[in-house]
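Take a look at the structure below.
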Amino acid sequence: RLCHVGHCFKCGHYATVPWDSVGEATCPNCAQLGRRTAMKLAGPMWCGPLHSRADVEAMLELAREWGWVADAAAASAPPDLNISNDTSRAGAGRSGSSSSSSSSSK
């Protein structure tokens with residue numbers, strides 16, 4: 001979901017502006033006062049959700065399987081924090097640990 005952000009330099013109002021209104025973006029606050037003030041636009045930018053809860057939970061489960069989550073406190077940490085206490089494995093990627101997990105499941 002892409003949009004633009006519009007800002008009115010006369011009254012300070014700002015709002016998201018959908019694609020179909022980019023060419024005619026005017027300030028609704030100034031319009032109430034009888035002025036037609038064009039909004040300055042920034043964008044396009046993503047205006048939708050950044051994360052899917054199901055995707056984040058699936059990544060957390062994968063991190064548990066690979067041994068990247070050390071304890072319950074780490075599992076509840078915000079997703080942008082490094083939740084692995086073992087820095088020697090950082091960046092090892094999936095190939096470094098999938099062989100042991102796949103052999104244990106056979």
Side-chain angles (χ1 to χ4, degrees):
R1 190 182 123 202
L2 294 176
C3 70
H4 289 77
V5 173
H7 179 252
C8 176
F9 284 90
K10 290 226 186 244
C11 73
H13 176 75
Y14 64 92
T16 57
V17 179
W19 277 98
D20 59 352
S21 300
V22 166
E24 56 205 40
T26 57
C27 177
N29 288 351
C30 288
Q32 290 178 356
L33 300 173
R35 302 188 297 232
R36 182 170 166 86
T37 306
M39 296 180 82
K40 305 295 182 192
L41 300 180
M45 62 185 77
W46 182 253
C47 294
L50 295 179
H51 303 287
S52 156
R53 183 175 185 87
D55 289 343
V56 172
E57 287 174 351
M59 287 187 283
L60 180 57
E61 181 58 33
L62 203 55
R64 285 186 183 117
E65 288 176 18
W66 293 347
W68 292 359
V69 177
D71 57 30
S76 64
D80 59 338
L81 295 179
N82 179 7
I83 59 174
S84 172
N85 289 334
D86 181 6
T87 57
S88 65
R89 292 183 53 171
R94 186 176 179 175
S95 61
S97 60
S98 64
S99 60
S100 63
S101 64
S102 63
S103 62
S104 63
S105 63
K106 290 183 181 177

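It should be emphasised that the depicted structure is a prediction, and the values quoted were computed from it without experimental measurement.
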Subject >> Nearest heavy-atom neighbours spanning L41 and V17 >> reply: CD2-CG2, 3.9 Å
Original post:
Residues in side-chain hydrogen bond (donor to acceptor under 3.5 Å, both in side chains) with H7, at least two apart?
Top reply: none
**OP:** Give the minimum heavy-atom separation between K10 and C30, together with the two atoms involved.
**Re:** CB-SG, 4.2 Å
Subject >> side-chain hydrogen bond (donor to acceptor under 3.5 Å, both in side chains) against E24, all qualifying residues, sequence neighbours excluded >> reply: none
Original post:
Transitive ILVMFWY cluster of V5 at side-chain heavy atoms under 4.5 Å: who else is in it?
Top reply: M45
Subject >> Sequence neighbours excluded, every pair satisfying salt bridge (charged side-chain N to carboxylate O under 4.0 Å, His left out) that has a member inside residues 34-56 >> reply: R53-E57
**OP:** Indicate the atoms forming the closest heavy-atom contact of W19 with L2, along with that distance.
**Re:** NE1-CB, 3.0 Å
Original post:
Which hydrophobic side chains are connected to F9, either touching it within the sub-4.5 Å cutoff or through other members that do?
Top reply: none
**OP:** Measure the spacing between OG of S21 and CE of M39 and express it to the nearest 0.5 Å.
**Re:** 11.0 Å
Subject >> From Q32 atom CD to H13 atom NE2, the distance as rounded to the nearest 0.5 Å >> reply: 9.5 Å
Subject >> C47: partners by disulfide bond (SG atoms under 2.5 Å apart), with sequence neighbours left out >> reply: C3
